[in-house]
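Encoded as structure tokens, the structure appears first; notes follow it.
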Amino acid sequence: MRFAMAERRYDPQEIEPRWQAVWADERTWEVANESAADGVAAPRAGFQGVGGFMQPGGLEQNSYVLEMLPYPSGEPHVGHLKNYAVGDTVAHFRRRRGERVLHPMGYDAFGLPAENNAIKTGIHPRDATQASIDSYRRQFRRWGISIDWSREFGTQEPSYYRWTQWIFLRLYERGLAYRKQAAVKWCPKDQTVLANEQVDTEGRCERCGSLVEIRQLEQWFFRITDYAERLLSDLDGIDWPEHVKTMQRNWIGRSEGAEVTFRCEELGIDYPVFTTRPDTLFGATFFVMAPEHPDVLRLAEGTEHERQVRDYVNHAITESGEERGDLDKPKTGVALGRTVVNPVNGERIPMYVADYVLMEYGTGAIMAVPAHDERDYAFARAFGLPIRRVIEGTDPDADEQGLPYSGEGTLVNSAPEFDGLDSRTALAEIVAWLDRGGKGHASVNYRLRDWLVSRQRYWGCPIPILYCERCGIVPVPEDELPVELPEIEDYTPKGRSPLAAAEDWVNTSCPTCEGPARRETDTMDTFVDSSWYFLRYCDANNDRAAWDQAALREWMPVDQYIGGVEHAILHLMYARFFCKALSDMELLEVQEPFSSLFTQGMITRDGAKMSSSRGNVVAPSSIVERFGADTARCYVLFIGPPDQDADWSDEGVEGVHRFLGRLWRLSAEVAELAGPPGEGSPAAADAQGPDLELLRKAHWAIDKVTGDLRRFAFNTAIAAVMELLNECRRLRDAAGTETLRFALASAASVLFPFAPHTCADAYELLTGTRVWEQPWPEADEALLERDVYELVCQVNGKLRDRVQVAAGTSAEELKQRCRVAPNVRAHVDGREIVKEIVVPGKLVNLVVR
RNA sequence: GCGGCGGUGGCGGAACGGUAGACGCGAGGCCCUCAAAAGGCCUUGUCCGCAAGGGCGUGUGGGUUCGACUCCCACCCGCCGCACCA
């Protein structure tokens, strides 16, 4: 036994802070802007910068690796740990491959939890937020994440939100920020309005779960709908998970069709409707408006239905989204006592109000074609309205009972010039006919609504707008930015922003006419703050501008973005919109912020989401204290494929910890035994026996980890290093110390992105050098191929034997070797070989009869 | 209802159409120790068999193939989106 066992203890609590101090002192992970003469710190003199050694010509590629910024509340949870473990691994891997990597950190620090906490405790949101930020920063540093801390900021800092306001004003100038009166979604618990995206399917606030109410309010919106088409089509060009793209496509909800005008002759008003099936126009037998439609009451006024309509509308608009959205409930509605004229045939059809028509979509009114639409059909049956078939399906059997039929087919009962046409042709011709007569036109409709950004809350970015009695809406002049949040006494929301109570702050004078003016008291949706933070990182310390274009050119777009799938629509769509809008203003040169997106899966415990109410929360800090940061990081990556959900296991953590301990201890022992590094590196050419075997395994592992890192298969990458270490342990007595040194150094080198402290330490013990300054190792192709391998011998596809053969053995020879293998003979004897399949390097399959 | 993802040992999970179960956990046996902790060595899909070996095995049923966890068809189950979007 050459090695004394377990003499040295693996002590991450000593190792990890030691290396963290080196990286902090030397500012190892900072990158300077090449373009910049601004505030971004340049690396310390004398330090070459990571990657510089790889491409002496200075040809390094810049790359930008970013994890979604955290909302700081309390201390980070395991979801953060996984998020930053993935990002840091990617960042390290890219650096070692010669890229200059921008890997910054910040905090999405405005938001309701801090404000609600202030209401409860009286602690200023600013102070509570600052405490959380400090705690997050402390943890991230303790995790050893390779952050460029010189670019850190929080979105609540005036030096940041000054530029959020500046962007708001740019959007306002362009007409992309506007104010309008609308039916908006109001959360009664959070006491603020919400954007459509922030209300879930059941009509609940995505933050607190309360059922939202609808209110008529005048609010600020961003005109994201102007970008619907580009937001949709540009999805094709970005490397994002398909399911995220699908979710965005569904959310944007593009549909092609036509807008057709129906005229109410009694009142002389035109009502356009959107339809995707203008080919069914002749089948329209009634007309339906949403209860929220502004004309409904006016239409019914003076008719015998007035009272009924009024009652129905009142009921419908107070009904919750959940009740109204119930698909199983029978259709309800009330006749308006008015008619509209179908433009294609001049028919007068009755008007109804019904809650199955939504004000938010299309024009808030529809033509109803009961024969060819399920919902209209249900309504027609309930109200005894005529059903007229105008499309005959292609399937002749399904016809008579087959209503409603929503497929394509041949037109019937329409007009002589259209009857007999197939629905597609008819659709085009009918639209053309409408267009000629000024009765309609082809049209594209989107489900996407404009982004409501006003919030009636305190702890957010003030909207930089004034209301002047004389001049109306006046933007705050740029040189007066930021409009800072005033100090207030009472955060309690009262249906309007708490800022409204800050009289001294609210009352100001108009910059144009110098008359009295009042400040906008709403703050911005916090998703505004996070829609551009990745731009600010590129030039984080610029106090003259939001950014310098040259800085953006250097880093944007983000090469690899990493975060949770819960932002698939919200943040990821808003950020895309900002990019497009800013680029139209020539403030930015990219159209898409995130070239490549990775969405990590959730970590659950006992199959359930971790939450303090369930009491199943695993605090990363407790894991780090017990096992060290490297164990915590490796574990969350080893647990399974990183894009899938995974269940936490305490035993699994211990397993990873044992592995890191074995790696470190064996490295320490080999380093001690082998003496100072440098001399006698193992030459592959003359290695043989166990040395060759171990060398091969090392190169195999290098190759495997490299490939796995490229495809984000972190779990199998770690498994490969485990295999290499197991091989080192198996051969520790048989192989030479230099071979062992090489094998262990290789293990430490490729595991460094996952477990940077342990690997930096082991690597230094073994080689006397800093692993992060070494280029990523390359596997020796020659050593990846075996000179002997195990040939699998199958009979009728079943494994019957294995034989050792030399690499390069001919197919004929392989067949022969297979045929004579003892257990193969037992299965072949007395039967006829009808076919022999040879897969060189793998197997031979004998087909017998 | 529509769309997406998934279903493999006791558990988490591996497997370019080519040895199913890598790696880890757990479990069992053993070593070290006065003992414990830590560490080390071995076994571990399942059934039959002393063994050699054989049968069965990747949600279900079909198909393609010399060969299917992998490809095709039809289902079942679970999770996640979306859903009266005209």
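Throughout, a chain's letter reflects where its sequence line sits, starting with A, and its residues are numbered from 1.
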Whole Å only: how far is the [atom1] atom of [X] from the [atom2] atom of [N]?
X: A:E374; N: B:A83; atom1: CD; atom2: P; result: 17 Å
X: A:I569; N: B:C80; atom1: CD1; atom2: C1'; result: 12 Å
X: A:E206; N: B:C80; atom1: CD; atom2: P; result: 17 Å
X: A:R626; N: B:A37; atom1: CZ; atom2: P; result: 15 Å

Checklist entry - In dot-bracket, 5' to 3', how would RNA chain B read with Watson-Crick or G-U wobble pairs under 3.5 Å, [ ] for crossing ones and | for pairs to another strand? => result (((((((..(((.....[....)))((((((.......))))))((((....))))..(((((..]....))))))))))))....
Next on the checklist: Can you tell me if A:R447 touches the phosphate of B:A83, counting only side-chain N or O atoms and a distance under 4.0 Å to OP1 or OP2?
Outcome noted: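 Yes, because at least one side-chain N or O of A:R447 sits under 4.0 Å from OP1 or OP2 of B:A83.
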Checklist entry - Within the structure, does a side-chain N or O atom of A:K798 lie under 4.0 Å from either OP1 or OP2 of B:C56? => result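 Yes, A:K798 has a side-chain N/O under 4.0 Å of OP1/OP2 on B:C56.
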Checklist entry - Is there a residue in residues 831-849 of chain A whose heavy atoms reach under 4.0 Å of RNA chain B, and which residues are they? => result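 Of all residues in residues 831-849 of chain A, the ones placing a heavy atom under 4.0 Å from RNA chain B are A:K835, A:I837, A:V839, A:K842, A:L843, A:N845, A:V847.
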Next on the checklist: Let's see if you get this right: which residues in residues 652-664 of chain A place a heavy atom under 4.0 Å from RNA chain B?
Outcome noted: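 The stretch gives A:G655, A:R658, A:R662 as the residues lying under 4.0 Å from the strand, ordered by number.
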Item to check | Atom P, compared across B:G55 and B:U65: separation rounded to whole Å | outcome: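 Their P atoms lie roughly 24 Å apart.
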Checklist entry - Could A:K331 and A:Y356 be counted as a cation-pi pair, given that NZ or CZ must be under 6.0 Å from the ring centre and within 45° of the axis? => result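 That pair qualifies as a cation-pi contact.
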Next on the checklist: Heavy atoms only, 4.0 Å cut-off, all strands: where does A:R711 land among base, sugar-phosphate and nothing?
Outcome noted: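 Sugar-phosphate contact only - A:R711 comes under 4.0 Å of backbone atoms but never of a base.
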Next on the checklist: Working note: A:R819 + A:E836, criterion salt bridge (Lys or Arg N to Asp or Glu O under 4.0 Å); need CA distance, chi angles, decisive distance, verdict.
Outcome noted: CA-CA 10 Å; A:R819 281 194 293 263; A:E836 294 171 317; 2.3 Å; yes
Checklist entry - Does A:R696 pair with A:E693 as a salt bridge, N-O distance under 4.0 Å? => result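 So A:R696 does not pair with A:E693 through a salt bridge.
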Item to check | Presence of salt bridge, A:D270 and A:K439, under 4.0 angstrom | outcome: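 Judged by the 4.0 Å cut-off on N to carboxylate O distance, A:K439 and A:D270 do not form a salt bridge.
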Checklist entry - A:F714 vs A:F598 aromatic rings, parallel, tilted or perpendicular, using cut-offs 30° and 60°? => result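 Ring orientation of A:F714 relative to A:F598: perpendicular.
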Next on the checklist: How would you summarise protein contacts on nucleotides 41-54 of chain B per nucleotide, using B for base, S for sugar-phosphate only and - for none, with heavy-atom distances below 4.0 Å?
Outcome noted: S-----------SS
Next on the checklist: Pairing donors with acceptors under 3.5 angstrom, does anything connect the side chains of A:T225 and A:D450?
Outcome noted: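 Present: a donor and an acceptor within the cut-off.
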Produce the list of close N/O pairs, under 3.5 Å, pairing protein atoms with atoms of nucleotides 2-13 of chain B; give distances to one decimal.
unit_1, atom_1, unit_2, atom_2, d
B:G12, O2', A:I639, O, 2.7

Item to check | Residue pair A:V431 / A:A442: nearest heavy atoms and the distance that separates them | outcome: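 Shortest heavy-atom separation between A:V431 and A:A442 comes out as CG1-N, 3.5 Å.
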Checklist entry - Who pairs with A:W648 by ring pair (Phe, Tyr, Trp, His ring centres under 6.0 Å), at least two apart in sequence or on another chain? => result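 Partners of A:W648 by the ring pair (Phe, Tyr, Trp, His ring centres under 6.0 Å) criterion, ordered by chain and then number, come out as A:Y635.
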